[in-house]
*Asks:* 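One structure is given below, represented as structure tokens, and several questions about it will come after.
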Amino acid sequence: VADGLAIVAIVGERMKHNPGTSGRMFGALGKNGINVSAIAQGSSELNISAVIQDVDIAKALNVLHEAFFLSDRKVVNLFLAGTGWIGKSLLTMIQQHAAELALKSKLEINVAALANSRQMLFDEYGLKTPDGLDRLINEGTKMELHDYFQQMKALNLSNSIFVDCTASEEMTEHYEDALQANIAIVTPNKKANSGKLEKYKRLKELTHQRNTRFLFETN
């Protein structure tokens with residue numbers, strides 16, 4: 001007996017006339033780190049079902065809705081650490097280019113968390129600029145690195161990206177944890193790339209294993 005599982009299904013009359021539906025479904029789940037324990041398809045070809053972890057249900061539904069019904073716009077959930085000059089500039093750019101990104105790139109950026117060396121604040125519905133920084137000051141809890149990454153993983157949002165705008169070496173010790181959870185990383189923090197070569201190779205290896213990204217061009 002296996003506990004903590006759930007069934008998610010896609011149903012539609014036109015599925016039998018659209019080759020690749022199952023590939024689209026399982027590709028979307030796989031890209032977001034949602035493991036499938038079992039699959040089934042009815043002989044009528046009207047239904048494809050998958051057994052997944054119960055904790056992944058909300059994430060799976062969001063992923064599948066995006067893949068099949070909301071493909072005109074992709075939502076990226078961004079977790080930002082570091083609210084100094086670089087972090088604030090990034091938030092300003094996101095605000096300034098929101099309309100252009102939506103129109104030309106079909107992309108919406110949702111800032112799901114902000115953190116600095118003192119405080120952290122999560123809101124899966126978005127921390128908008130500029131009041132997001134004010135909310136961090138007024139509503140934020142004490143910044144604890146372990147708790148920050150645990151909450152980021154616990155939210156389990158699709159298309160998650162961790163943006164590290166700090167210069168903290170301690171922060172980079174959690175990169176592997178993020179990649180293991182299929183959370184991509186973008187960073188100007190040089191610490192992960194200027195230490196032991198084995199550490200760098202491990203991070204790059206994880207990106208291939210988990211089908212995610214570790215980007216550091218600003219280095």
*Asks:* Please report the interatomic distance CG(Leu206) to CG(Leu179), rounded to the nearest 0.5 Å.
*Replies:*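 CG of Leu179 is found 5.5 Å from CG of Leu206.
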*Asks:* Would a hydrophobic clustering, with Ile, Leu, Val, Met, Phe, Trp and Tyr connected at side-chain separations under 4.5 Å, put Phe122 with Val75?
*Replies:* no
*Asks:* How about Lys153: does its NZ atom have over 12 heavy atoms from other parts shown lying under 6.0 Å from it?
*Replies:*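 Atom NZ in Lys153 is crowded, with more than 12 foreign heavy atoms closer than 6.0 Å.
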*Asks:* Quick check: does any side chain N or O of Asn32 sit under 3.5 Å from a backbone N or O of Ile34, one acting as donor and the other as acceptor?
*Replies:*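 Not confirmed, Asn32 side chain does not pair with Ile34 backbone.
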*Asks:* Run the side chain to side chain contact (heavy atoms under 4.5 Å, CB included) test on Asp177 and Gln150 for me, step by step, so that the C-alpha distance in whole Å, both residues' side-chain angles and the decisive distance to 0.1 Å come before the verdict.
*Replies:* CA-CA 9 Å; Asp177 199 23; Gln150 286 300 111; 4.1 Å; yes
*Asks:* Do Leu145 and His174 make a side-chain contact, defined as non-hydrogen atoms from C-beta onward lying under 4.5 Å apart?
*Replies:* yes
*Asks:* Shortest non-hydrogen contact from Lys59 to Leu157?
*Replies:* CE-O, 3.6 Å
*Asks:* Which one of Ile39, Val36, Ile48, Val63 satisfies the side-chain contact (heavy atoms from CB on, under 4.5 Å) criterion with Met25?
*Replies:* Ile48
*Asks:* Considering non-hydrogen atoms only, spot the tightest contact between Pro188 and Asp164 and give its length.
*Replies:*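 Result for this residue pair: CD-O, 2.9 Å.
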*Asks:* Any idea which heavy atoms bring Asn62 and Ser158 closest together, and the distance?
*Replies:*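 Looking at all heavy atoms of both residues, the shortest contact is CB-OG, 4.2 Å.
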*Asks:* Is it true that a side-chain atom of Asn211 and a backbone atom of Thr207 form a donor plus acceptor pair closer than 3.5 Å?
*Replies:*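 Here the side-chain-to-backbone pair does not exist.
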*Asks:* Between Ile94 and Leu133, is there a shared hydrophobic cluster once you connect ILVMFWY residues whose side-chain heavy atoms come closer than 4.5 Å?
*Replies:*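 They do share one cluster, since a chain of ILVMFWY contacts under 4.5 Å joins Ile94 to Leu133.
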*Asks:* For the residue pair Asp3 and Val1, what are the closest heavy atoms and their distance?
*Replies:* OD1-CG1, 3.8 Å
*Asks:* Between Val8 and Ile10, is there shared hydrophobic-cluster membership here, with clusters defined by ILVMFWY side-chain heavy atoms closer than 4.5 Å?
*Replies:* yes
*Asks:* If you compare all heavy atoms of Gly82 against all heavy atoms of Cys165, which two are closest, and at what distance to 0.1 Å?
*Replies:* O-CB, 3.9 Å
*Asks:* Check this for me: Arg213, atom CZ, are more than 12 non-hydrogen atoms of other residues, nucleotides or ligands nearer than 6.0 Å?
*Replies:* no
*Asks:* Count the heavy atoms of every other residue, nucleotide or ligand shown that sit under 6.0 Å from NZ of Lys31, and state whether that count exceeds 12.
*Replies:*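 Not more than 12 within 6.0 Å, no.
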*Asks:* Do the charged groups of Glu66 and Lys74 touch, with an N to O distance under 4.0 Å?
*Replies:*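 Judged by the 4.0 Å cut-off on N to carboxylate O distance, Glu66 and Lys74 do not form a salt bridge.
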*Asks:* Would you please test Asp147 and Lys142 for salt bridge (Lys or Arg N to Asp or Glu O under 4.0 Å) and show each step?
*Replies:* CA-CA 10 Å; Asp147 293 344; Lys142 183 181 178 181; over 6 Å; no
*Asks:* Decide whether Phe26 and Ile57 are clustered together by the hydrophobic rule: side chain heavy atoms of Ile, Leu, Val, Met, Phe, Trp, Tyr closer than 4.5 Å, transitively.
*Replies:* yes
*Asks:* Can Asn159 and Asn77 be said to form a side-chain hydrogen bond (donor to acceptor under 3.5 Å, both in side chains), step by step?
*Replies:* CA-CA 6 Å; Asn159 305 317; Asn77 292 290; over 6 Å; no
*Asks:* Please check this pair: side chain of Asn189 against backbone of Thr172, looking for a donor-acceptor N/O pair closer than 3.5 Å.
*Replies:*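 Flag not set: sc Asn189 to bb Thr172 has no pair under 3.5 Å.
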*Asks:* With rounding to the nearest 0.5 Å, note down the distance linking CD in Gln151 to OG1 in Thr141.
*Replies:*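 If we round to the nearest 0.5 Å, Gln151:CD and Thr141:OG1 are 6.5 Å apart.
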*Asks:* Nearest 0.5 angstrom please: Leu114 CG to Asp134 CG, how far?
*Replies:*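 If we round to the nearest 0.5 Å, Leu114:CG and Asp134:CG are 11.0 Å apart.
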*Asks:* Between atom OG of Ser160 and atom CG of Leu155, what is the distance when rounded to the nearest 0.5 Å?
*Replies:*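 One finds 8.0 Å between OG of Ser160 and CG of Leu155.
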*Asks:* Rounded to the nearest 0.5 Å, what separates atom CG in Leu136 from atom CZ in Arg118?
*Replies:*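 Interatomic distance, Leu136 CG to Arg118 CZ, rounded to 0.5 Å: 8.0 Å.
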*Asks:* Quick one: does Gln53's side chain get under 4.5 Å of Asn35's, heavy atoms only?
*Replies:*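 Of all side-chain heavy-atom pairs linking Asn35 with Gln53, none is under 4.5 Å.
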*Asks:* Please work out whether the ring planes of Phe214 and Tyr200 are parallel, tilted or perpendicular, with thresholds of 30° and 60°.
*Replies:*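 Phe214 vs Tyr200 ring planes: tilted.
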*Asks:* Could you tell me if the ring centre of Phe79 sits under 6.0 Å from that of Tyr148?
*Replies:* no
*Asks:* Check this for me: Leu5, atom CG, are more than 12 non-hydrogen atoms of other residues, nucleotides or ligands nearer than 6.0 Å?
*Replies:*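 More than 12 heavy atoms, drawn from other residues, nucleotides or ligands, come within 6.0 Å of this atom.
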*Asks:* Would Glu139 and Asp123 satisfy side chain to side chain contact (heavy atoms under 4.5 Å, CB included), going step by step from the backbone distance to the final call?
*Replies:* CA-CA 11 Å; Glu139 303 173 29; Asp123 187 340; over 6 Å; no
*Asks:* Shared ILVMFWY cluster between Tyr125 and Leu121, side chains joined below 4.5 angstrom?
*Replies:* no
*Asks:* Of all the heavy-atom pairs spanning Asn47 and Ala9, show the shortest one and how long it is.
*Replies:* OD1-CB, 3.4 Å
*Asks:* Is it the case that more than 12 heavy atoms not belonging to Glu170 sit under 6.0 Å from its CD atom?
*Replies:* no
*Asks:* Working to the nearest 0.5 Å, report the span between CZ of Phe162 and CD1 of Ile185.
*Replies:* 7.0 Å
*Asks:* Test Glu176 against every option in Lys199, Lys201, Arg202 by the salt bridge (Lys or Arg N to Asp or Glu O under 4.0 Å) rule and name the one that passes.
*Replies:*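 Between Glu176 and the candidates, salt bridge (Lys or Arg N to Asp or Glu O under 4.0 Å) is satisfied uniquely by Arg202.
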*Asks:* So if I apply the side-chain contact (heavy atoms from CB on, under 4.5 Å) rule between Leu215 and each of Val163, Val186, Ile161, which one comes out positive?
*Replies:* Val186
*Asks:* Would a distance-only check, ignoring hydrogens and angles, find a side-chain to backbone donor-acceptor pair under 3.5 Å from Asn116 to Gln119?
*Replies:*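 Checking the backbone N and O of Gln119 against the side chain of Asn116, a donor-acceptor pair under 3.5 Å is found.
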*Asks:* Hey, is the main chain of Arg210 close enough, under 3.5 Å, to the side chain of Asn182 for a donor-acceptor pair?
*Replies:* yes
